[in-house]
Visitor: 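Input: one structure, supplied below.
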Amino acid sequence: MKLWIGIDDTDSRKGMCTTYLATLMIERLEKERVGKLMGFPRLIRLNPTIPYKTRGNGAVSFLLEVDDGRRDEVIDIAREIVEEYAELEDENTNPGVVFVDDESEVMDYLSRFALKVVRDVVSLDTALFIIGKYMIPHLKFKKGRGLIGALASVGLELPDRTIEVLAYRKPERFGLPREYDEESFFDADYETYPLTWDTVDWMNEVVVAVPNSPDPVLFGIRGDDFNAVMKAFEMVKTEPIDKYMVFITNQGTDMHLIHESEVDKLEDFHSYILKGVVTVEPYEITGGHVFFHIETKFGEVKCAAFEPTKQFREVVRQLREGDVVEVYGSMKKKTINLEKINILEVAEIWVEENPICPICGKRMESAGRGKGFRCKRCKTKAFEKIRKKVERYLDTGFYEVPPCARRHLSKPLIRMKGVKRHIFR
Ligand code: ATP
């Protein structure tokens with residue numbers, strides 16, 4: 001039989017990573033010849049605004065070819081791996097594992113459920129209801145909240161997909177500073193971009209592929225093309241790699257975004273594409289966070305470009321009343337946290353100024369209330385103010401946050417074909 005295994009919520013801020021635990025599980029299942037991995041495992045990013053997430057709200061699924069009658073051995077091994085490696089002592093770690101027959105009628109249902117888990121907030125009761133109704137074999141540890149992500153990772157269809165190869169550290173080095181040659185990551189990016197992306201951030205001089213968290217991941221290379229991703233993987237110089245795994249993912253696809261035409265109200269913990277006209281011009285608060293407001297079909301909405309979005313704020317600061325924009329981002333505290341912006345129309349701005357004296361070229365002064373303007377020295381007169389168009393330096397098109405501020409699910413502009421775009425690299 002072909003069996004989908006979905007896993008989630010095994011890690012904590014102190015360590016572990018569900019991708020690593022899944023890799024250990026696959027290794028063990030194959031070593032003991034209980035099952036054979038089919039294709040690549042999948043790293044599925046879920047709703048990025050969920051408060052329970054440890055970091056990137058990722059869950060993992062993989063398809064296993066299992067001899068008939070050996071499903072229970074798969075479940076036993078999965079249980080042992082979670083018991084041994086998951087951060088079970090952390091109160092926020094609540095693992096869930098599901099085992100779904102690829103031919104089961106629930107697969108259709110799960111694909112709709114999964115899209116909801118990427119875009120919406122789903123209760124554990126809903127996940128438990130599906131498990132009960134379709135009698136899905138599963139493992140539930142503690143509260144078992146991971147069952148939500150585990151089911152979603154199995155069910156999600158990927159009309160658009162990307163690749164990530166994840167390299168893992170030697171266990172004795174977990175928690176120690178990561179050793180790597182920064183330049184080699186820039187070289188790898190130079191050679192393989194745009195088939196790989198977000199390996200480094202040239203403008204902010206940061207290696208994005210290497211995390212700072214105390215988990216087993218050494219680095220991850222993302223891209224569209226398997227060969228390019230593997231070429232970059234071979235090029236980078238780091239401390240010894242213990243093991244690696246290639247994942248198919250929904251990273252960089254914008255799958256979390258709900259178009260304004262699909263909803264009749266906006267809610268926190270959801271991510272949107274919204275069109276609007278700038279009503280309150282950009283203002284800045286301590287810490288370098290920039291805000292502006294737009295009038296949308298739902299009323300006025302506050303938008304934010306926070307400090308970590310770096311040079312993206314330069315674009316946002318240039319917005320003026322009347323500009324028409326489309327914003328892309330998640331809503332939290334009734335504010336859209338911008339991931340991208342599409343400037344649709346740059347408003348014309350006119351100012352009125354006193355006229356210029358045609359003889360000396362200096363600006364005229366008022367000749368008194370209702371009496372027009374005059375140049376005292378040349379005795380010239382004029383009756384009306386002159387209107388002048390303000391030069392705007394903002395171009396229409398898409399702008400994005402730089403790679404160092406990119407969310408896992410956000411589609412980098414380099415992947416958006418056929419649109420006018422300004423790429424920060
Ligand atoms: P990492 O990325 O390091 O694997 P994480 O950020 O994925 O960690 P988890 O430890 O998996 O974080 O915690 C996320 C929890 O939220 C899981 O239990 C998952 O089932 C649940 N969850 C994910 N998406 C939703 C959703 N849309 N609604 C409700 N719960 C969700």
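Whatever order the structure lists them in is the order used to number ligands and atoms, beginning at 1. In what follows, residues are counted from 1 in the order of the sequence shown.
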Visitor: If the threshold is 4.0 Å, N to carboxylate O, is there a salt bridge linking D323 and R320?
Guide: no

Visitor: Enumerate donor-acceptor pairs with a distance under 3.5 Å from any side-chain N or O in residues 12-19 to protein atoms, sequence neighbours excluded.
Guide:
{"residue": "S12", "atom": "OG", "partner": "K14", "partner atom": "N", "Å": "3.0"}
{"residue": "S12", "atom": "OG", "partner": "E87", "partner atom": "OE1", "Å": "2.8"}
{"residue": "R13", "atom": "NH1", "partner": "T54", "partner atom": "O", "Å": "3.1"}
{"residue": "R13", "atom": "NH2", "partner": "T54", "partner atom": "O", "Å": "3.4"}
{"residue": "T18", "atom": "OG1", "partner": "T10", "partner atom": "OG1", "Å": "2.9"}
{"residue": "T19", "atom": "OG1", "partner": "Y168", "partner atom": "OH", "Å": "2.7"}

Visitor: Check the orientation of Y109 and Y134. Use parallel for under 30°, tilted for 30 to 60°, and perpendicular for over 60°.
Guide: tilted

Visitor: Filter on salt bridge (Lys or Arg N to Asp or Glu O under 4.0 Å), then keep only pairs touching residues 216-231, sequence neighbours left out; what's left?
Guide: E164-R222, E191-K231, D224-R415

Visitor: Please list all pairs meeting side chain to side chain donor-acceptor pair (under 3.5 Å) that have one or both residues in residues 96-106, counting only residues at least two apart or in different chains.
Guide: W4-D102

Visitor: Examine R145 relative to Y52 and say whether NZ or CZ is less than 6.0 Å from the centre of the six-membered ring and inside a 45° cone about the ring axis.
Guide: yes

Visitor: Can you list, by chain and residue number, every protein residue with a non-hydrogen atom closer than 4.0 Å to ligand 1?
Guide: D8, D9, D11, T18, R45, L46, N47, I50, Y52, K53, T54, R55, G56, N57, G58, V117, D120, V121, V122, R145, G146, I148, G149

